[in-house]
Amino acid sequence: MKIQKKWLYILLTAAGVFGVVTILFFSGEKWLRDGWYYIPDRAIAIALGLCVFWQIVLTAGTCFLLAWNRKKFDGWMRRIIRISVIVAAVFLFLFFAWNWFLYSLGFEQKVEQYDEHIALYVTNTFVRTRFRYPHYMYEENWLFMRSLSDEEQQEAVLKYGDPDDYYREYH
């Protein structure tokens with residue numbers, strides 16, 4: 001199976017664009033203003049999509065490398081390269097999956113959605129649940145949320161109640 005150079009350049013350019021998008025997504029939350037965050041469930045879904053995409057690219061790249069290896073080398077050299085490529089691919093595949101898992105653990109957990117924008121979140125701590133911190137967040141759009149200003153916080157407490165009361169009531 002021979003790939004034309006034009007298609008190879010297109011594929012490499014697309015992988016480069018997805019690489020930039022991946023880097024921007026994972027470093028983007030650090031560039032947001034104070035009090036702004038990704039909405040957890042959507043950010044985790046995007047991260048999973050990027051993880052699966054890069055695992056597919058890794059699998060395809062491994063297949064191409066093994067096909068190239070089959071044509072270029074014979075004997076023990078072919079076996080050494082094949083084993084090295086497969087071990088590296090499996091390691092990277094698991095590395096992507098593990099990093100996605102750790103990324104998903106770092107987010108807060110939505111407890112309840114009160115209206116279109118206001119939602120109650122708790123800090124996502126699995127070991128010591130009594131130290132969770134309930135707080136209201138304002139969901140700006142499908143990906144970003146922010147902390148409430150003092151006035152918005154007071155309004156949310158008057159309208160929906162103190163977040164600590166919700167926490168004491170159910171936990």
Side-chain angles (χ1 to χ4, degrees), residues 1-113 116-117 119-129 131-133 137-147:
M1 181 168 106
K2 187 171 181 168
I3 297 179
Q4 296 176 349
K5 283 191 176 188
K6 174 184 157 185
W7 289 107
L8 182 63
Y9 291 138
I10 290 172
L11 289 173
L12 289 175
T13 303
V17 168
F18 269 100
V20 169
V21 167
T22 302
I23 291 169
L24 288 176
F25 175 76
F26 286 108
S27 64
E29 198 166 24
K30 295 177 183 111
W31 298 342
L32 295 174
R33 295 179 295 199
D34 285 338
W36 284 75
Y37 309 97
Y38 289 146
I39 293 177
D41 54 342
R42 293 172 187 126
I44 290 169
I46 292 170
L48 178 62
L50 290 172
C51 177
V52 169
F53 170 78
W54 285 112
Q55 288 175 333
I56 290 169
V57 168
L58 177 66
T59 304
T62 302
C63 290
F64 282 119
L65 270 174
L66 291 176
W68 175 78
N69 179 36
R70 198 174 309 120
K71 291 178 185 176
K72 294 288 183 186
F73 298 103
D74 286 329
W76 62 271
M77 189 65 155
R78 179 194 292 180
R79 287 189 186 114
I80 290 174
I81 293 174
R82 183 183 336 152
I83 290 170
S84 301
V85 167
I86 290 173
V87 166
V90 168
F91 171 77
L92 286 173
F93 193 89
L94 295 174
F95 178 76
F96 288 146
W98 179 250
N99 279 317
W100 172 80
F101 178 70
L102 292 178
Y103 181 77
S104 67
L105 288 180
F107 278 104
E108 297 174 327
Q109 195 174 25
K110 185 188 291 190
V111 176
E112 189 161 332
Q113 183 82 36
E116 183 182 351
H117 295 288
L120 182 66
Y121 284 86
V122 294
T123 303
N124 199 1
T125 56
F126 294 105
V127 179
R128 295 179 285 182
T129 57
F131 295 115
R132 288 185 178 173
Y133 171 68
M137 297 295 283
Y138 187 88
E139 296 181 347
E140 287 285 337
N141 55 32
W142 67 275
L143 182 60
F144 296 108
M145 65 182 182
R146 64 174 171 81
S147 300

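- Here the CG-CD1 distance, from Asp41 to Ile46, works out to 10.0 Å after rounding to the nearest 0.5 Å.
- For the pair Phe53/Val57, a side-chain contact is recorded, criterion being any heavy-atom separation below 4.5 Å from C-beta on.
- Of all heavy-atom pairs between Ala89 and Leu58, the closest is O-CD2, 3.3 Å.
- When side chains are defined from C-beta on, Trp68 counts as touching Phe73, because their heavy atoms get closer than 4.5 Å.
- The distance from the CG atom of Leu94 to the CD atom of Gln55 is 8.5 Å, given to the nearest 0.5 Å.
- Of all the heavy atoms in Ser147 and Tyr37, the pair that sits closest is OG-CE1, 3.8 Å.
- In this structure, Ala119 and Glu139 approach most closely via the heavy-atom pair CB-OE2, 3.8 Å.
- Minimum interatomic distance between Phe25 and Ala43 (heavy atoms only, all atoms of both residues): CZ-O, 3.5 Å.
- Between Arg82 and the choices Ile86, Val85, Ile80, the side chain to side chain contact (heavy atoms under 4.5 Å, CB included) rule is met once, by Ile86.
- Counting heavy atoms of neighbouring residues, nucleotides and ligands inside a 6.0 Å radius, atom CH2 of Trp142 does not exceed 12 of them.
- Judged purely by atom type and a 3.5 angstrom limit, Trp100 uses its side chain to pair as donor or acceptor with the backbone of Ile44.
- Residues Glu29 and Tyr38 approach most closely at OE2-N, 2.9 Å, considering heavy atoms.
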Item to complete: For Leu92 and Trp54, run side chain to side chain contact (heavy atoms under 4.5 Å, CB included): C-alpha distance rounded to whole Å, both residues' side-chain angles, the deciding distance at 0.1 Å, then the answer.
Response: CA-CA 10 Å; Leu92 286 173; Trp54 285 112; over 6 Å; no

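- Between Phe26 and Leu50 there is a side-chain heavy-atom pair separated by less than 4.5 Å.
- Remark: Trp7 CH2 to Ile10 CD1 distance equals 4.5 Å, nearest 0.5 Å.
- Proximity of Phe93 to Thr59: side-chain heavy atoms (C-beta onward) are separated by under 4.5 Å at one or more points.
- To the nearest 0.5 Å, the span separating CZ on Arg33 from CZ on Arg146 amounts to 8.5 Å.
- Trp98 has its ring centre no less than 6.0 Å from the ring centre of Phe95.
- You'll find the side chain of Leu48 stays beyond 4.5 Å of the side chain of Tyr103, heavy atoms only.
- Between the CG atom in Asn141 and the NE2 atom in His117 there is a gap of 9.5 Å [rounded to 0.5 Å].
- Asn69 places no side-chain N or O within donor-acceptor distance of the main-chain N or O of Leu65, the cut-off being under 3.5 Å.
- Atoms CD1 and CE, from Ile39 and Met137 in turn, are 9.0 Å apart once rounded to the nearest 0.5 Å.
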